[in-house]
Trainee: 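Please see the structure below; I have some questions.
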Amino acid sequence: MKLSRKISGIAPSVTLAITAKAKQMKADGIDVVGFGAGEPNFDTPDNIKEAAIKAIKAGFTKYTPSGGIIELKQAVCEKLKRHNNLSYKPNEVLISCGGKHTLYNIMEALLEQGDEAILPSPYWVTYEEQIKMAGAKPVFVDTSRTDFKLTAESLKKAITKKTKLLILNSPSNPSGMIVERDELKRIAELAVKHDFVVVSDEVYESLVYDDKQQVSIASLGEEIKKRTITVNAVSKTYSMTGWRIGYCAGPADVIKGMDNLQSHSTSNPCSIAQKAALEALNGPQDFMKGWLKSFDERRRYMVERLNRIKGISCIMPEGAFYAFPDISGTGMRSMEFTERLLDEAKVAVVPGKDFGADGNVRLSYACSMENIKKGLDRIEKFCNPL
Ligand code: GLU
């Protein structure tokens, strides 16, 4: 059967593919260490699980409004006020089936043939494909010379009359780097001057280390807020990757357009997962401190060890749970490194090629310290055999 041009052009999600491959190898009895998955190894907190069980028992198992239940939209508004200093009304909020679905709706709602979408590189694999699926052209801005941080100066060079939107992801997947307030202000000025949209994916906002601070670009003034769609999800913050609840806030007309699209594609996000997300946002947040401390220990350990390996150098990430080392000193490009590492040393990492950086690989440290130690011992041996 002949596939449509749109679908035949899509590459599979390499992050999900590597994760699935490592899981399959484990199921086949192979002792593989997986650094692929971008998902916390902690269990979803009990109060959140209980809320879902309660929803099932109460029969909350039917359709909800396609764009999500009003209580959850309200909870999102309160969270955005409390945490991000952003004021939104429920009609400016949409609940979708995970952050990825939120982003998909945004691209479909805003982009069309002939539009350009600016994508700072390296970037999360899905952005590029979603831009292309919407018929638009990704325009890459290389950030490798500025510590993987987007600067207004480099952004300026990529802006044309066709620029429709910029994707901002801070802290970033895969680099973990954060764009700081002053630079964000300059970026916001450009967005207002050239009148393009900023899609601010803030899904890693709660995973910020040291004295760094994550700032929502929409909070920097009314003019930039009008042009921004702030994206988030409960997946990473509450270890709820499988529940699939993402959300965004932005101008009511865009939200309405996205809701119309959603009403004809997925209908509502899972009713039970919505109740769980409601508890996540409104319930106790104290568990996060402990999680963050563990991630921080793993981050330091992983990056230090990577930097001790000949041929590898790694910048210290400021947020998220990924290390993105440069492996070009090994003489391999990312695909060869990844394939050989998995075959010969049984360690799964993600090739940087799909993130727009063929000299790097991505390792997630959202796994146990024991795994991290074991995996790094193997990488060390693989890179520096006796
Ligand atoms: N966002 C996570 C990652 O980059 C989950 C997998 C995916 O959806 O790409 O690993």
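Atoms within a ligand are numbered from 1 in the order they appear, just like the ligands themselves. No hydrogens, no waters, no symmetry mates; every other heavy atom, side chains included, goes into these values.
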Trainee: I want to check a possible cation-pi pair here: K275 against F60, using under 6.0 Å from ring centre and within 45° of the ring axis as the test.
Mentor: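 Checked: cation-pi criterion met.
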Trainee: Go through the structure and list residues passing ring pair (Phe, Tyr, Trp, His ring centres under 6.0 Å) with F295, not counting sequence neighbours.
Mentor: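 Result, ring pair (Phe, Tyr, Trp, His ring centres under 6.0 Å) vs F295: F42, F321.
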Trainee: Can you name the closest pair of heavy atoms from G319 and Y365 and give their distance?
Mentor: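 Reported closest heavy-atom pair: O-OH, 4.0 Å.
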Trainee: Indicate whether any N or O donor in one side chain lies under 3.5 Å from an N or O acceptor in the other, for E279 and Y238.
Mentor: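 Side-chain D/A pair, E279 to Y238: absent.
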Trainee: Could you pull out every protein residue that has a heavy atom closer than 4.0 Å to ligand 1, ordered by chain and then number?
Mentor: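 Residues near ligand 1: S13, T15, L16, G38, K100, W124, N173, Y204, K236, Y322, R362.
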Trainee: Please list, chain by chain and in numerical order, all residues satisfying ring pair (Phe, Tyr, Trp, His ring centres under 6.0 Å) with Y127, sequence neighbours excluded.
Mentor: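 Counting only residues at least two positions away or on another chain, Y127 forms a ring pair (Phe, Tyr, Trp, His ring centres under 6.0 Å) with W124.
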Trainee: Table please: side-chain donor-acceptor pairs of residues 351-358 below 3.5 Å, with sequence neighbours left out.
Mentor:
residue : atom : partner : partner atom : Å
D358    : OD1  : S334    : N            : 3.3
D358    : OD1  : S334    : OG           : 2.6

